[in-house]
Each structure stands twice: as C-alpha cells, then as structure tokens.
Amino acid sequence: QVQLEESGGGSVQAGGSLRLSCETTEYIFSRYKMGWFRQVPGKEREGVVAIDSGGRTKYAESVKGRFIVSKDNAENTLRLQMNNLKPEDTGMYYCAADRFTTLHDCVPSPCSWIKHWGQGTQVTVSS
C-alpha cells in the first residue's frame with residue numbers, strides 16, 4: 001500500500017506563500033518517482049512539478065520561478081514551496097507516486113495511468 005499524506009493547504013491572498021507537504025514511508029520516498037498535481041472542478045488533474053529518485057525536476061511553465069519542490073530526507077516528506085501565489089493557482093493539490101515510471105511526462109499534461117495518490121489539500125488564493 002502506497003501511503004501519501006498531504007498537508008499545508010489553506011487560504012491566502014494573491015502574492016502570498018504556502019508550503020505543502022507530502023509525507024510517506026522511507027521505502028516510497030527513496031524509490032518512487034513523485035510529483036505534485038492540482039485539480040479544479042470540471043478540469044482534469046494537471047501536473048505542477050515532478051521529481052524523480054535522482055532529484056531531477058520538471059515544472060509546469062505556469063509555476064516556474066514561483067514554486068520549488070524539495071525532498072526532506074529526514075522526514076520522508078516531499079515539499080512544495082509556493083511563492084507569489086496567484087488566483088489561478090487555486091485548486092486541490094495532490095501528491096502522486098510511481099515506482100517505475102517518471103511523472104515528468106505528466107507535467108503539465110494529465111496522466112490517467114497514475115495509481116497512487118494522496119487525499120489532497122485545498123489551496124485557495126484570493127485576489
């Protein structure tokens with residue numbers, strides 16, 4: 001069972017910051033490719049950033065320069081620092097993982113084959 005638990009969402013004004021966390025097990029954290037995705041009602045879940053086990057990243061163009069993904073090895077936690085937030089960043093943010101396939105191709109295009117997801121954390125940015 002792949003356990004992914006997100007936290008850190010909330011409501012902020014445009015220009016503000018939030019830090020999301022995705023806690024998992026050491027086995028998943030050290031071996032799986034991971035990523036952050038977001039979804040708004042009526043739209044498909046899109047990739048925000050992907051990171052592989054070697055630390056190689058891919059960001060969606062819409063968040064480049066504002067979002068930073070990092071791996072907290074001591075806590076087995078994937079983090080997403082979101083700065084200069086915009087109203088269009090509003091959505092439910094999900095952590096995802098796969099053992100064998102990079103999630104880079106899922107940024108930003110949706111990938112229906114991803115099987116392992118967290119429960120999501122809501123981010124709301126007001127103007």
Side-chain angles (χ1 to χ4, degrees):
Q1 184 177 0
V2 177
Q3 296 175 301
L4 303 167
E5 186 170 351
E6 302 97 332
S7 62
S11 297
V12 296
Q13 291 192 325
S17 297
L18 284 172
R19 188 178 76 163
L20 305 184
S21 296
C22 173
E23 186 176 355
T24 186
T25 64
E26 189 277 336
Y27 182 87
I28 300 298
F29 191 74
S30 62
R31 295 170 175 79
Y32 279 54
K33 286 73 170 167
M34 301 182 74
W36 286 99
F37 293 72
R38 68 186 175 195
Q39 188 171 24
V40 297
K43 291 191 175 182
E44 291 185 277
R45 200 169 293 184
E46 63 175 12
V48 175
V49 59
I51 184 167
D52 64 21
S53 51
R56 187 174 61 103
T57 59
K58 181 180 179 183
Y59 291 88
E61 286 296 324
S62 61
V63 306
K64 274 184 180 178
R66 300 187 298 121
F67 290 13
I68 302 170
V69 67
S70 62
K71 299 184 80 174
D72 184 337
N73 296 323
E75 301 288 334
N76 297 321
T77 298
L78 184 71
R79 304 201 191 275
L80 183 65
Q81 178 66 41
M82 305 187 296
N83 301 319
N84 191 21
L85 282 160
K86 303 177 180 182
E88 51 264 42
D89 295 319
T90 294
M92 185 71 81
Y93 282 69
Y94 296 90
C95 180
D98 191 88
R99 177 66 177 92
F100 300 108
T101 305
T102 178
L103 304 184
H104 284 52
D105 290 341
C106 304
V107 176
S109 304
C111 286
S112 59
W113 54 263
I114 297 175
K115 296 292 190 294
H116 305 301
W117 297 96
Q119 82 287 351
T121 185
Q122 177 69 35
V123 171
T124 303
V125 185
S126 58
S127 58

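Side-chain N or O atoms of K86 include none that pairs as donor or acceptor with a backbone N or O of S62 at under 3.5 Å. Looking at S53, its side chain never comes within 3.5 Å of a backbone N or O of Y32 through a donor-acceptor pair. No donor-acceptor pair under 3.5 Å is formed between the side chain of E6 and the backbone N or O of T121.
Hydrophobic cluster membership is shared by I28 and L20, with clusters built from Ile, Leu, Val, Met, Phe, Trp and Tyr side chains linked at under 4.5 angstrom. Follow the hydrophobic side-chain contacts under 4.5 Å out from L80 and you reach V12 in the same cluster. Each of V2 and I114 belongs to its own hydrophobic cluster when Ile, Leu, Val, Met, Phe, Trp and Tyr are linked at side-chain heavy-atom distances under 4.5 angstrom. Clustering ILVMFWY residues whenever any of their side-chain heavy atoms sit less than 4.5 angstrom apart, transitively, puts L103 in a cluster other than the one holding V48. Under the 4.5 Å side-chain heavy-atom criterion for grouping Ile, Leu, Val, Met, Phe, Trp and Tyr, F37 is not connected to I51 through any hydrophobic cluster.
How far SG of C95 is from CZ of R79: 11.5 Å, rounded to the nearest 0.5 Å. Distance check: E26 CD to N73 CG gives 9.5 Å after rounding to the nearest 0.5 Å. Rounding to the nearest 0.5 Å gives a distance of 12.0 Å between CG of D98 and CG of D52. Taken to the nearest 0.5 Å, the OG atom of S70 stands 8.0 Å off from the CD atom of Q81. In this structure, NZ in K33 is found 9.5 Å from CZ in R56, a value given to the nearest 0.5 Å. Taken from CG in L18 to OG in S11, the straight-line distance is 8.5 Å, to the nearest 0.5 Å.
The minimum heavy-atom distance between T57 and H104, with the atom names listed, is C-NE2, 3.6 Å. What you find for N84 and D89 is that their closest heavy atoms are O-OD2, 4.5 Å. A14 approaches S127 most closely through the heavy-atom pair CB-CA, 4.3 Å. Taking every heavy atom of both residues into account, Q122 and M92 meet most closely at N-SD, 3.5 Å.
Within the 4.5 Å cutoff, the side chain of M82 has no heavy atoms near those of the R66 side chain. Looking at F29 and M34, their side chains come closer than 4.5 Å, going by heavy atoms from C-beta outward.
S17 and N83 share a side-chain donor-acceptor pair at under 3.5 Å.
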Practice task
Just do the side-chain contact (heavy atoms from CB on, under 4.5 Å) check on V69 and L78 with the steps written out, would you?
Solution key: CA-CA 7 Å; V69 67; L78 184 71; 3.7 Å; yes

Residue pair R31, R99: steps toward the side-chain contact (heavy atoms from CB on, under 4.5 Å) verdict:
CA-CA 7 Å; R31 295 170 175 79; R99 177 66 177 92; 3.9 Å; yes

Please assess R38 against E46 for the test side-chain contact (heavy atoms from CB on, under 4.5 Å), listing each intermediate value before the final yes or no.
CA-CA 6 Å; R38 68 186 175 195; E46 63 175 12; 3.0 Å; yes

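Qualifying side chain to side chain donor-acceptor pair (under 3.5 Å) partners for K64, counting only residues two or more places apart in sequence or in other chains: E61. Qualifying side chain to side chain donor-acceptor pair (under 3.5 Å) partners for Q39, counting only residues two or more places apart in sequence or in other chains: R45.
Taking the six-membered ring where tryptophan is involved, the planes of Y94 and W117 are perpendicular, since the angle between them exceeds 60° and thus also 30°.
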